[in-house]
Visitor: 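Sending over a structure as C-alpha cells; questions will come in a sec.
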Amino acid sequence: MTDTKPKDNFVREIIDGDLAVGKNQGRVHTRFPPEPNGYLHIGHAKSICLNFGLAADYKGKCNLRFDDTNPETEEPDYVRSIKEDVRWLGFDWEDREFYASDYFGRLYDYAVDLIRKGDAYVCDLTAEQVTEYRGTLTGPGKESPGRGRGVEENLDLFARMRAGEFPDGAKTLRARIDMADPNLLMRDPVLYRVRRAHHYRTGDAWCIYPTYDWAHGQSDSIEGVTHSICTLEFEVHRPLYDWFLVRLGIHRPRQIEFARLSLSHTVLSKRKLLTLVKEGFVDGWDDPRMPTISAFRRRGYTPASIRRFCDEIGVAKANSIVDEALLEHGLREELNKTAPRAMAVLRPLKVVLTNYPEGSAEELDCVNNPEDPGRGTRKVPFSRVLYIERDDFMEDPPKKFFRLSPGKEVRLRYAYFMTCTGVVKDPATGEIVEVHCTYDPATRGGDAPDGRSPKATLHWVSAGHAIPAEVRLYDTLFTKRDPNELEEGADWKSNLNPKSLETIAGARLEPSLAAAEPGSRWQFERLGYFCADIGLSRPGAPVFLRTVTLRDTWARIQKSGRENE
RNA sequence: UGGGGCGUCGCCAAGCGGUAAGGCAGCGGACUUUGGAUCCGCUAUUCGGGGGUUCGAAUCCUCCCGCCCCAGCCA
C-alpha cells in the first residue's frame, strides 16, 4: 500500500539487480520482524512502510514475524499492540503471522546439524569469561576450553542442556568460527543460552533459548524471505548471518541494511521510551506526546500522513535526524482537505456588543470546509455577549498586530464587523476582563455593502450558547532537536520539555462540537487541528487534543521580534 | 587503536564521468471572510578537505579529517 509513486532508493536497486540476474525465481519476499518487548514507534513505521511497500510494488509478500527469542522482556500485550498498529497503518500480512518461537524446534535441529558438522560446541565459560575470552577491538580472543570437544560429546551435552540438566547460565552452545576474527561477532558467537524463563508463547517447554543471531537468519530462510531488510547496526552481523546459512546449506536471503529513522525533538529507542512510560514521565505508551504509532493515532494523526512521511524521508545509509516539520506538513495538507471546521475559543475574553439587542440571538451560516463546498454549512448561534481569544485583543498593540484593539474594527468570522469602543478592567489587578464593541448590522455574514474589509477575521463563540470543554495542547517532548546530545554529565531526561503538555480547562466551543465523535478530527478555525479524545471524552463533554497547529505567521513574527517593523 | 559503515543547501535526499533534481524549513510577493489554504518567485559556481587521472569528476584513484556501529548468554 503506497500513496505516492515509490521513490527510488538503494534497496530497490539491489532488488532490481537480483531480479535482473534471475535470483529467487523472480520472487520478492520481505518481512517486518518486531520483538514484542515494547510499542511500535515512528521508526518502526519506516521499516513497515519499506518492507510492506516493497512487497506490494514488486508483487511479492511481506510477513509479520515476531522475533520473540528473549522471554524475559516479551509480552502478549506488545504483540497485540504491534498487530493493531501495523493494521492501522494500512498493511496486511494476510495469513503470514509468524513467530520465531514457532521455529524453536527447527532451530534446535539446525543447531544439532551444525554440531554434527563440527561447527558448534558446548562451552562451559561463564558470561564474564566469555566476554574476557572474546578479546578486544585490537587484540584477538582466546579459545574456550570447550572448543576442542568432539561431536558426540557436544551432541550429548547440548541434548542435556535442553533437558534441563544444567543451571541457568552454566553452558552455552557456540559456533566454532575464529577467535581472532577482526569482526568480534565472528569470535565464536553464542547460539543458545540456558535460561529457565517462562515464554509467553511456548510456556516452559524450553529452558534454552536461541540468540538473535542464531534465530534471525534461519527464520528468514524458513519463511523463504528473499530480502532481509534491517537497520545499520546489524551490518556487522551480516557475515555471521551468511555464515550460518552457508554452513547449513539452506536458502540464503540477502540482508540489506538502511539507516534507522531519528526524529527531531524526540527519542526513538525502545529502552528510553520504556523508561518514560515506566517512570511516569508520560501517561503511557499512547500518551499523545510519545513518538509511538499508538500515540500518533490517539493524537489524531492519520495513517496516510505517516505513510506519506515514510515515503518522503527516503531510504539511505547515512544517519540523519528528520525534522518533525516534515511529518506535520503532510498531516496538515491532508487535514486541511478533510477536517470539518468549527469555532473554539481556548482562552476566552468576554466581548459585549453594546448595540446588539439584549436578550435576542440569531443563527448564522458557517461553512464546514472552504476546501470542500460539498460539506455544506451549519448554523452557529450569535448573541450580544461573545467570547473571543484573549490573544486576539491587545490594548496597546505593536505595529504589525492587526487584530482587535481600541478603536479598531475586525470581522467576526461568518458574522459581523465590530469595533472596539472600550475595555473593562479588574480594579484590583488591572487585568482586562471585558471588551466593549459595537457591531455593524449591515455586515451580517461578514461582508460590508461598502466593500470595506478589516485586516483581521476573528473566531468567536456566543457566551450563552457555547459549551465548556477541556482542551490539551502539546509541544515537543524534548526541548533539544537531538535529546541525545548531552552536556557534560547530563542525563537525556534533563532534555524533557516541562511544557510539553498544557491542559486548558476553560475552553468554550460552539454548540455543535458537543456531538463530536470520539476520534473525530476537526479544524478549530485559526488555531489548528484537534481530535476528540477517545479516552477522556464523555458523552456530550468531549475533550479535545491538539493534533497540530495551523501555520502561524503572526507567531513567527513575534518569535523573531519583527512585530514593530 | 582492529573491523564494518557514512559524509551533497538549515533538515532530509536525488545524482552512478558530461558539467548540482525534489521535498521540508526560510525569505519575498499575489490572493484571501482562517495572519490558514492557494499561487508565483528567491535560496549550493558547489558536493568533508588536499592531491591525482581525464577534454571533462559530486561521481574514478589516493592521502587526510569528521561522525556512527561492534568487546549482551539484548534485538
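Numbered from 1 within each chain, the chains take letters A, B, ... in sequence-line order. Reckoned from all heavy atoms, side chains included, excluding hydrogens, waters and symmetry mates.
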Visitor: Considering only the C1' atoms, how many Å lie between B:A58 and B:G17, rounded to the nearest integer?
Guide: 11 Å
Visitor: With a 4.0 Å limit, can you tell me whether A:Thr553 has a side-chain N or O closer than that to the phosphate oxygens OP1/OP2 of B:G36?
Guide: yes
Visitor: What is the distance, to the nearest angstrom, from the CG atom on A:Asp188 to the P atom on B:G72?
Guide: 15 Å
Visitor: Suppose we call a contact any N or O donor and acceptor under 3.5 Å apart; does that hold for the side chain of A:Glu371 and the base of B:U38?
Guide: no
Visitor: Establish, for the pair A:Arg403 and A:Phe393, whether the NZ or CZ atom is under 6.0 angstrom from the six-membered ring centre and no further than 45 degrees off its axis.
Guide: no
Visitor: Would you state whether a donor and an acceptor, one from the side chain of A:Glu13 and one from the base of B:C16, lie under 3.5 Å apart?
Guide: yes
Visitor: Quick one: is B:G26 close enough that its OP1 or OP2 comes under 4.0 Å of any side-chain N or O from A:Arg551?
Guide: yes
Visitor: Is the charged tip of A:Arg413 near the ring of A:Trp460: under 6.0 Å from the six-membered ring centre and within 45° of its axis?
Guide: no
Visitor: When the distance from CZ of A:Arg341 to C1' of B:U32 is rounded to whole Å, what number comes out?
Guide: 14 Å
Visitor: From the options B:C73, B:C68, B:A75, select the nucleotide whose nearest atom is closest to the side chain of A:Asn319.
Guide: B:C68
Visitor: So, is A:Arg134 near the phosphate of B:G3, with a side-chain N or O under 4.0 Å from OP1 or OP2?
Guide: no
Visitor: Give a yes/no answer on whether the side chain of A:His329 brings an N or O atom under 4.0 Å of OP1 or OP2 in B:C24.
Guide: yes
Visitor: Would you kindly compare A:Asn70 and A:Phe10 by the position of their nearest RNA chain B nucleotide and give the one closer to the 5′ end?
Guide: A:Phe10
Visitor: Taking only the P atom of each, what is the distance from B:C69 to B:U1 in whole angstrom?
Guide: 15 Å
Visitor: Given the C1' atoms of B:G23 and B:U62, what is the spacing between them in whole Å?
Guide: 36 Å
Visitor: Is B:G36 paired to anything, Watson-Crick or G-U wobble with both distances less than 3.5 Å, and if yes, which nucleotide?
Guide: none
Visitor: Taking only the side-chain heavy atoms of A:Arg403 (C-beta and beyond), determine which of B:G35, B:C12, B:A71 contains the nearest atom.
Guide: B:G35
Visitor: Under a 3.5 Å cut-off for both distances, is B:C24 Watson-Crick or wobble paired, and to whom?
Guide: B:G10
Visitor: Given B:A75, B:G36, B:G23, identify the nucleotide with an atom nearest to the side chain of A:His237.
Guide: B:A75
Visitor: Anti or syn, where syn is a glycosidic angle within 90° of 0; which label fits B:G72?
Guide: syn
Visitor: Between A:Trp214 and A:Phe244, is the ring centroid distance below 6.0 Å?
Guide: yes
Visitor: Specify whether A:Tyr439 and A:Phe382 have parallel, tilted or perpendicular ring planes, treating 30° as the upper limit for parallel and 60° as the lower limit for perpendicular.
Guide: tilted
Visitor: Considering just the side-chain nitrogens and oxygens of A:Arg260, establish if one lies under 4.0 Å of OP1 or OP2 belonging to B:C69.
Guide: no
Visitor: Paired with B:C16: which nucleotide, if any, by Watson-Crick or G-U wobble criteria at under 3.5 Å for both distances?
Guide: none
Visitor: If you check the A:Arg562 side chain, which of B:A13, B:G28, B:C73 turns out closest?
Guide: B:G28
Visitor: How many whole angstroms separate atom CD of A:Glu510 from atom C1' of B:U34?
Guide: 14 Å
Visitor: Cation over ring, A:Arg332 on A:Tyr529, under 6.0 Å and within 45°?
Guide: no
Visitor: Do the side-chain N or O atoms of A:Ser453 get closer than 4.0 angstrom to the phosphate oxygens (OP1, OP2) of B:U32?
Guide: no
Visitor: Choose from B:A75, B:G36, B:A14 the nucleotide whose nearest atom is closest to any side-chain atom of A:Ala316.
Guide: B:A14
Visitor: What is the distance from CZ of A:Arg174 to C1' of B:G72, rounded to the nearest Å?
Guide: 13 Å
Visitor: What nucleotide among B:C73, B:C11, B:A75 has an atom nearest to a side-chain atom of A:Ala127?
Guide: B:C73
Visitor: Rounded to whole angstrom, note down the P distance from B:G72 over to B:G10.
Guide: 39 Å
Visitor: On RNA chain B, check which nucleotide each of A:Lys171 and A:Asp181 is closest to and give me the residue with the more 5' one.
Guide: A:Asp181
Visitor: On the ring face of A:Trp492, is A:Lys272 found with NZ or CZ under 6.0 Å from the centre and within 45° of the axis?
Guide: yes
Visitor: The side chain of A:Lys7 is closest to which nucleotide in this list: B:A75, B:G35, B:A13?
Guide: B:A13
Visitor: Go through it in stages, so that I can follow the logic: the residues are A:Glu389 and A:Arg526, the test is salt bridge (charged side-chain N to carboxylate O under 4.0 Å, His left out), and I'd like the CA-CA distance, side-chain angles, deciding distance and then a yes or no.
Guide: CA-CA 10 Å; A:Glu389 209 66 61; A:Arg526 303 209 304 134; over 6 Å; no
Visitor: Decide yes or no, distance alone: a donor-acceptor N/O pair under 3.5 angstrom between the base of B:G4 and the side-chain of A:Glu257.
Guide: no
